[in-house]
Structure formats: C-alpha cells, structure tokens
Protein chains: 4
Amino acid sequence: MKETKEKILLKALQFLVENDYERVSLNSIADGIGITKGGIYHYFGSKEELFQECLRTVFSKMQNITMNSLKGDYSLEELLRGLFSFETYLNEFEKNTGIDFAGNYLNFSYLMFMGIKKFPAIKELITEIYRGMQKDLENLISHLQTEGDVRKEIDCRQLAFELVAMAEGVMLISEFTSDIDFTTIGESLVQSTLKRVQA
Amino acid sequence: MKETKEKILLKALQFLVENDYERVSLNSIADGIGITKGGIYHYFGSKEELFQECLRTVFSKMQNITMNSLKGDYSLEELLRGLFSFETYLNEFEKNTGIDFAGNYLNFSYLMFMGIKKFPAIKELITEIYRGMQKDLENLISHLQTEGDVRKEIDCRQLAFELVAMAEGVMLISEFTSDIDFTTIGESLVQSTLKRVQA
Amino acid sequence: MKETKEKILLKALQFLVENDYERVSLNSIADGIGITKGGIYHYFGSKEELFQECLRTVFSKMQNITMNSLKGDYSLEELLRGLFSFETYLNEFEKNTGIDFAGNYLNFSYLMFMGIKKFPAIKELITEIYRGMQKDLENLISHLQTEGDVRKEIDCRQLAFELVAMAEGVMLISEFTSDIDFTTIGESLVQSTLKRVQA
Amino acid sequence: MKETKEKILLKALQFLVENDYERVSLNSIADGIGITKGGIYHYFGSKEELFQECLRTVFSKMQNITMNSLKGDYSLEELLRGLFSFETYLNEFEKNTGIDFAGNYLNFSYLMFMGIKKFPAIKELITEIYRGMQKDLENLISHLQTEGDVRKEIDCRQLAFELVAMAEGVMLISEFTSDIDFTTIGESLVQSTLKRVQA
DNA sequence: TATGAATGAGGGTTCATTCAT
DNA sequence: TATGAATGAACCCTCATTCAT
C-alpha cells in the first residue's frame with residue numbers, strides 16, 4: 001500500500017527535524033511506525049535515497065506554499081504585510097506536512113543546510129524556490145509599478161531580492177534576539193519599505 | 001607541546017566545515033595530522049568536548065572580528081558601507097583562523113546551526129555575538145542621531161536589529177541566487193537605507 | 001532460531017567461569033560460536049544485559065536444584081547426609097547446565113560474588129535462594145521435631161541457618177585444604193550433628 | 001621515598017575493594033595520590049606486578065592477624081568465642097590496612113576470589129593462611145585435650161577444620177540472610193560446640 | 001509485502017605501556 | 001624521581017545493508 005511508504009517518509013522527516021541525519025537510524029524509523037528495518041528497503045534502495053526523497057517532498061511542499069502566497073491581486077501594502085508576517089509560513093507548513101517545527105525556525109533552517117550539504121540536487125531545488133519567490137515578487141512589484149503604485153526609479157528585481165533577504169534575515173536573527181517582538185518588527189518593516197518605495 | 005592540540009582543533013574545524021559533525025571521525029582527524037586516535041584523548045575528554053572547544057574558538061574569533069568592525073568614529077555612510085560589505089567578514093575570518101570557507105557562507109552558517117543544536121553553551125555564545133553587534137550598532141546610530149545625522153523619529157534599537165538582519169539575510173539568500181551581484185546589492189542597500197534614515 | 005541465543009548464553013557462561021567479567025569480551029564469545037559480534041546485539045541489548053540474563057539463568061537452575069533436594073520425606077539422618085554430600089550439587093549442576101565446574105567450587109563462588117557486586121537484581125535472586133534453602137530446611141526439621149525425632153529445645157530456624165552455613169563453609173574451605181577428604185568430612189559432620197540434635 | 005610506593009599500594013587496594021581488577025586503572029590510582037601514571041612504573045613493572053604485590057601485602061597482614069588471634073593460653077570457651085566473634089576480624093583488618101570494608105564481607109571475599117583466579121601465587125598464600133589457622137587451632141585443641149578439657153574421642157584435626165569452615169560459612173551466608181543476628185548466631189555456635197566437644 | 005537473523009565496517013573510548021625529558 | 005606526550009590494541013556498541021523465508 002502507499003500508506004507504508006508515506007508513513008516512512010513522514011517519520012523520517014519528523015526525526016530529521018529533531019536530530020541530524022547521521023543520528024536518525026532506519027531502526028528508529030521502522031520502530032516508530034511499527035515495521036521492520038528490512039521493510040524500508042522495499043520502498044527505498046538506501047538510507048540516502050530515502051532521505052533525499054524525504055527532503056525533496058518537504059521542499060516541494062514549501063515551494064507550493066510560497067508560490068501560492070504570492071499569487072493574487074495585492075496592493076503594495078498587502079504584499080509587504082504578507083511578506084513580513086513570518087509565522088504564517090511555518091504554520092502553513094505544519095498544516096501541509098504534519099510536522100511540528102514548534103515555531104522553531106532553527107530546525108527548519110538546519111534541514112535546509114543539511115539537505116544542501118548532503119544532496120547537491122536539493123540545493124538546486126532550494127535555489128529554485130528562492131528564485132521563484134523573487135521572480136514572483138518581481139512580477140508583482142513590476143505590475144504595481146505599471147499601475148503607478150511603485151516609484152518609477154525602483155529596480156524591481158533588486159527590490160524583490162532585498163525583500164526576500166530581509167524576511168529571511170529577520171527570521172534567522174530573531175532566533176538569537178529574544179527581546180524584540182516579531183509583530184512590531186514586521187509592521188515596522190512594512191512601513192519603512194512603503195515610505196521608500198510607494199509612489 | 002601546544003602544537004598538537006592546536007593541530008587537532010584546526011583539523012577538526014576544517015573537517016567540520018566540509019562534513020557534518022557525525023561524519024567527522026576522530027580517526028580521520030588523527031590520520032589527518034599524523035597522530036593516533038588515542039592521542040586526541042590526551043587533550044580532549046571526548047569528541048563532544050573537542051568540537052565544543054573547536055566551535056567556541058571559532059565563534060570567539062568571530063566575536064572579536066565583529067566587535068572591532070563596529071568600533072570607531074564612522075559617518076552614517078561609512079557605517080552602512082562597512083555593514084554591507086559582506087566579503088570583508090569571511091576574508092577577515094580566514095585570516096584569523098586559517099580556515100578557507102571558500103567564500104561559502106553556507107558552510108559557515110551550517111557551523112552555526114550545528115553548534116546551536118548540539119551545544120547549548122554555543123547557542124548562548126552566538127546569541128551574545130548578535131546581541132553585541134546589535135548593541136554596538138545601536139550605540140553608533142544613537143550617537144549619530146545626537147549629532148543630527150540620523151532622523152529624530154528613528155528607533156535606534158529597532159534599526160540596529162533590522163540592519164543586522166538584512167545583512168545576514170542577504171548573505172544567506174545570495175547563496176541561492178547566483179545572478180545578482182554582491183557589490184551592487186551592497187551599494188544599493190546602503191543608498192536605500194541612507195534615504196530613509198539620514199536627517 | 002533460538003539456538004543462537006542459547007549458544008551465546010552458554011558460551012558467555014563458560015567464559016565467565018574461567019575469566020572475570022571484564023575479561024570476557026563479546027568478541028571472544030562471538031568467535032567462540034562462529035557468529036559476528038554484532039550478531040549478539042540481535043539478542044541482547046548490551047554486554048551487561050547478556051551477562052545478567054546469563055547469571056539469572058544459572059542461579060535459577062541452582063534454585064531448582066536446591067529446592068528439589070529438600071523436598072521429600074527424609075529421616076533426620078538422610079536429611080543431613082544429603083546436605084553434606086557436597087559433590088552432588090556440582091554434579092547435578094553440570095548435568096543441568098552443561099558447564100563444567102571441574103569440581104571447582106571456587107569458580108562457582110566467584111560467579112556468585114561477581115554477580116552480586118555487579119547486578120543488584122542478582123543479589124536478590126541469590127538471597128532468595130539461600131532464604132529458600134533455609135526455610136525448606138527449617139520446615140523439614142520442624143516436621144521432624146513434631147514427630148519426636150529432633151530435640152524439643154532446638155531452635156529450628158537457627159539450626160537451619162547453621163547447617164546451610166556449615167555446608168557452604170566446608171565447600172569453600174576445602175578448596176584451600178587439600179589434605180582432608182571430602183567424604184570423611186561430610187560423614188563426620190553428619191555424625192556430630194546427629195549427636196547434638198537427635199532426640 | 002618509600003612513601004610513594006606505599007601510597008600506590010594502598011590506593012590500589014582501596015580501589016580494588018570497591019571495583020574489580022580490570023576496572024581499576026593505573027590512571028585512577030595515580031590521580032588518587034597526585035602523581036602521574038608513568039610514575040607508577042618506577043615502582044612496579046606492570047599492572048599485574050603492582051596488584052600482585054598489593055594482594056600479597058593484604059593477605060600477609062591477614063595471616064599475621066589470624067596467627068596472633070590463635071596464640072595464647074585460652075580456655076575452650078574463650079577459644080570458641082574468639083573464633084565466632086566475626087566482626088573482630090574485619091575490624092582488626094581495617095586497623096592494620098586503613099582500608100574500610102564497611103563491614104562488608106563480600107568485598108573481602110571478592111578480593112580473595114579475584115586474587116586466586118588471577119594470581120596462582122596468591123592462591124598458595126591463602127591456602128597457607130587457612131592451613132595455618134587450622135594447624136594452630138588443632139594445636140590449641142590438642143593442648144586442651146591433653147589437659148582433659150576436650151573429650152578424648154575428638155579428632156582434633158577434623159574439629160579444627162570444621163570450626164574454621166563454620167566460621168567462614170556463617171560470615172558468607174549472613175550476607176544473604178539479613179533477618180538473623182550475628183551475635184546470637186555466634187553465641188549459639190559457641191554453646192552447641194561446647195556441648196559436643198567439652199569433656 | 002514484510003520479517004528477522006546476521007554481517008561487517010566503522011565509531012568513540014579506555015588503558016597499559018613506552019620513552020624522551 | 002617523576003612527567004607528559006603518544007601509541008596501539010582491545011573493547012562495547014551502532015547501523016546500513018543483505019538475504020533467506
């Protein structure tokens with residue numbers, strides 16, 4: 001049945017969020033879903049294959065989420081506000097995967113870095129995701145520019161890059177800075193960006 | 001002699017940049033510097049202890065670098081330009097550690113994430129580094145504000161946070177976006193920040 | 001198959017009789033029965049677990065032997081003679097375990113002491129064995145007392161303790177005293193005990 | 001200085017009472033007395049040599065104690081009472097070695113068994129001790145027999161053996177039987193022995 | 001489709017021992 | 001007389017992998 005394979009992938013992902021690759025044993029996965037180690041080899045040729053598929057699945061879902069979040073007919077302000085409401089991402093993600101990142105951006109980042117170091121193919125996937133986000137954002141901004149909502153002198157491509165980078169950076173740094181409020185930061189970024197970009 | 005201990009630490013760090021923690025074996029380190037596995041235990045009580053000291057050293061050096069980079073009597077423009085000249089960091093770092101990150105920010109980030117997940121003590125060290133950077137930056141901006149170079153309505157603390165986050169985010173995202181130039185990005189960020197902040 | 005597990009247990013016991021715990025390596029056990037070291041971990045979670053089960057098995061069998069030896073409708077003389085025919089124990093034991101103690105009571109004692117020092121659970125088992133022996137003996141003596149074969153003033157419980165202690169002591173000391181004959185000793189003890197106990 | 005060597009021996013013994021041979025490392029001994037592992041090799045050619053000398057010392061002291069305890073002009077009752085006042089042994093021993101057996105006969109027995117299994121030479125020493133005890137006891141009893149205090153038909157040699165065995169056995173078994181009082185047992189043995197032996 | 005026995009390579013760790021100083 | 005660096009062998013243990021069933 002398909003169920004078993006998906007159970008394996010899910011358990012693998014769950015453990016991968018908690019421990020690192022080498023620490024996650026096929027045994028623990030098998031135990032976790034009530035099958036035998038050997039059974040895993042019916043669905044995956046090797047541990048690497050399993051985890052590669054696992055990560056591919058994760059980041060595919062992530063791509064869907066980010067793509068959908070940038071479709072639609074947003075005003076500039078709505079666009080920015082969506083971009084800087086960081087928690088939405090992880091929540092959306094948890095809804096789609098069933099994996100609880102516990103609001104922990106570190107765990108998610110670690111997954112990304114680990115995937116990249118281990119599987120070159122994953123790096124391309126992730127690159128694709130960010131590239132897509134930037135492209136979508138660029139298009140939206142460009143559209144707003146055409147309609148006169150964004151200043152003419154703005155380089156849409158670069159702005160898109162900056163915005164994505166900023167969002168990412170804030171999520172990362174906020175892990176190390178407990179005395180600053182997420183929502184305040186988000187709103188502040190929205191306002192300062194509006195000020196320098198809005199026509 | 002002290003040489004051996006430092007050779008061990010250096011080799012450990014070198015391997016850690018390339019592979020992940022579990023993959024780096026004491027065997028390979030020992031082989032790499034021409035001693036026996038058992039010899040490592042003359043200097044370190046365990047693998048964990050070795051790598052913790054290894055990471056502690058790395059991040060201590062990083063702290064020194066970042067702290068020094070934010071001392072001095074900068075104008076607002078100089079300050080921002082220093083903040084967004086990303087390559088300077090890694091270069092400075094390589095000069096101090098002898099470790100070649102090959103302009104690869106991912107490897108460095110991985111080191112950070114791994115350290116945080118594995119050693120709580122390291123997390124505190126890193127938190128301290130970022131907190132320090134933000135505090136130093138806040139003070140510098142605050143000073144500039146007193147002198148009338150920065151707008152009165154700016155919240156210095158929050159601006160400091162945003163700037164650090166942005167710098168970090170750009171370095172990270174740029175790893176996935178090969179078609180944008182680092183120097184251009186940096187200069188553009190300097191300009192747009194000046195525009196919204198300068199009195 | 002169950003065979004392998006039992007082979008492991010048996011080999012472990014055999015080596016344990018010869019060397020001490022720390023000296024018996026899983027390697028030697030594995031080699032001794034033609035499997036791999038890793039194979040042992042299919043049946044036992046750790047070296048300790050293996051040897052604990054090993055000792056538990058040994059002492060359980062011992063319990064059975066001693067219990068059976070004290071059941072039945074013996075006369076006082078038969079009872080004592082059974083108690084002081086030391087070799088019977090070890091012979092019986094070898095029949096049940098296949099382990100050759102080579103008439104060497106020291107090896108067996110060592111097993112006991114080692115088990116006690118290392119595994120608290122084993123200590124309780126052994127305590128139980130001796131307590132059982134004493135209780136059974138006490139009941140038998142008490143029964144004989146009721147029937148008028150044992151003097152009224154005898155404290156059955158204490159006599160039981162003394163007899164067990166004496167039997168044990170003789171077995172132990174005889175290891176260091178080669179110039180005294182076991183059978184003579186046994187018979188002599190039977191006679192002197194009869195003299196002071198028999199009604 | 002002689003001090004160091006004795007410190008080593010003493011520390012070795014102390015650890016040997018607590019852990020078993022393989023578990024006691026030269027490192028822990030060296031640490032325990034504030035010297036280096038290498039320093040031990042100035043006094044002992046190997047670990048085995050050290051511990052053999054260590055055990056030899058222990059059992060030599062034991063021999064002195066037991067020998068002295070059976071010298072003197074005792075009455076039969078005094079003799080027996082001395083023999084069955086078990087705690088005296090360990091106390092005397094602790095006074096001479098500084099090692100605390102914590103009233104724990106098991107630890108002492110274990111030392112004996114371990115020594116025997118590991119060093120054949122030690123076995124002979126111990127055999128000698130017991131043989132000596134039996135011989136001394138035999139002489140004392142024989143002397144009492146000549147004086148008419150012990151029945152004529154008693155085989156002195158065998159009685160000596162029995163008494164030593166009983167004492168040993170009681171100490172051993174009492175470790176497993178917590179609900180019987182040492183002093184009561186001792187006194188009871190004295191009485192019952194008197195009854196069957198005294199002229 | 002899945003089990004379970006077994007392998008074999010490798011990992012971290014301990015420790016007696018050596019030796020230059 | 002003692003240190004301290006270093007070795008090397010052995011140890012327990014883990015785990016991905018294979019394969020007969």
Measure from [atom1] on [X] to [atom2] on [N] and round the result to the nearest Å.
| X | N | atom1 | atom2 | answer |
| --- | --- | --- | --- | --- |
| D:Y43 | E:dT17 | OH | C1' | 18 Å |
| B:D31 | F:dG8 | CG | P | 12 Å |
| B:E6 | F:dA5 | CD | P | 14 Å |
| C:F15 | F:dC11 | CZ | P | 11 Å |
| C:I40 | E:dG4 | CD1 | C1' | 17 Å |
| A:I33 | E:dT1 | CD1 | C1' | 13 Å |
| A:F51 | F:dA16 | CZ | C1' | 12 Å |
| D:Y41 | F:dG4 | OH | C1' | 14 Å |

Requested in this report: Quick one: closest heavy-atom pair of B:I33 and B:K7, and the distance?
Outcome: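 Closest approach of B:I33 to B:K7: CG2-O, 3.9 Å.
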Query raised in the report: If you take all heavy atoms of C:S46 and C:Y41, which pair is closest and at what distance?
Result: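 Taking C:S46 first and C:Y41 second, the nearest heavy atoms are CA-CE2, 3.9 Å.
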Query - 5' precedence on DNA chain E between D:E48 and A:G34 (nearest-nucleotide basis) - result: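 It is A:G34, whose closest nucleotide lies nearer the 5' terminus.
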Report task. Looking only at side-chain atoms of C:H42, point me to the closest of F:dA2, F:dC12, E:dA6. Result ->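 Of the options given, the side chain of C:H42 lies nearest E:dA6.
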Report task. With the side chain of A:S46 defined as its heavy atoms from C-beta on, choose the nearest nucleotide among F:dT17, E:dA6, E:dT18. Result ->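 From the listed options, F:dT17 comes nearest.
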**Report entry** side chain to side chain contact (heavy atoms under 4.5 Å, CB included) involving C:Q63 - partner list, sequence neighbours excluded
**Finding:**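 Result, side chain to side chain contact (heavy atoms under 4.5 Å, CB included) vs C:Q63: C:M67, C:L125, C:E128, C:I129.
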Side-chain donor/acceptor pairs under 3.5 Å, residues 53-61 of chain D, sequence neighbours excluded:
from	atom 1	to	atom 2	distance (Å)
D:E53	OE2	D:K5	NZ	3.4
D:T57	OG1	D:E53	O	2.7
D:S60	OG	D:R56	O	3.0

Report task. Have a look at B:M114 and tell me which of B:I122, B:L16, B:D20 forms a side-chain contact (heavy atoms from CB on, under 4.5 Å) with it. Result ->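 Only match with B:M114 under side-chain contact (heavy atoms from CB on, under 4.5 Å): B:L16.
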Report task. Under the side-chain hydrogen bond (donor to acceptor under 3.5 Å, both in side chains) rule, collect the residues that match up with A:K117, sequence neighbours excluded. Result ->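 Applying side-chain hydrogen bond (donor to acceptor under 3.5 Å, both in side chains) to A:K117 gives none.
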Requested in this report: Would you please name every residue forming a side-chain hydrogen bond (donor to acceptor under 3.5 Å, both in side chains) with D:K123, sequence neighbours left out?
Outcome: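 Per chain and number, D:K123 pairs via side-chain hydrogen bond (donor to acceptor under 3.5 Å, both in side chains) with no residue.
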Query raised in the report: How does DNA chain F look in dot-bracket form if you count Watson-Crick and G-U pairs under 3.5 Å, write [ ] for pairs that cross, and put | where a base pairs with another strand?
Result: .||||||||||||||||||||
Query - Residue mapping more 5' on DNA chain F - nearest nucleotide basis, A:Y21 or D:I35 - result: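 Looking at the nearest nucleotide for each, D:I35 comes out on the 5' side.
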**Report entry** Side-chain N,O (D:T4) to OP1/OP2 (F:dT1) below 4.0 Å
**Finding:**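 False: D:T4 side-chain N/O out of range (4.0 Å or more) of F:dT1 OP1/OP2.
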Query raised in the report: Between B:Y110 and A:Y110, what is the ring plane arrangement, given parallel below 30°, perpendicular above 60°, and tilted in between?
Result: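 Taking A:Y110 first and then B:Y110, their aromatic rings lie parallel (interplane angle under 30°).
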Tabulated below should be each protein N or O lying under 3.5 Å from an N or O of nucleotides 8-11 of chain E; please produce it.
from	atom 1	to	atom 2	distance (Å)
E:dG11	OP1	B:S25	OG	3.2
E:dG11	OP2	B:N27	ND2	3.4

Report task. Calculate, to the nearest 0.5 Å, the distance between atoms CD1 and CG belonging to B:I8 and B:L13 respectively. Result ->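 One gets 13.5 Å once the value is rounded to the nearest 0.5 Å.
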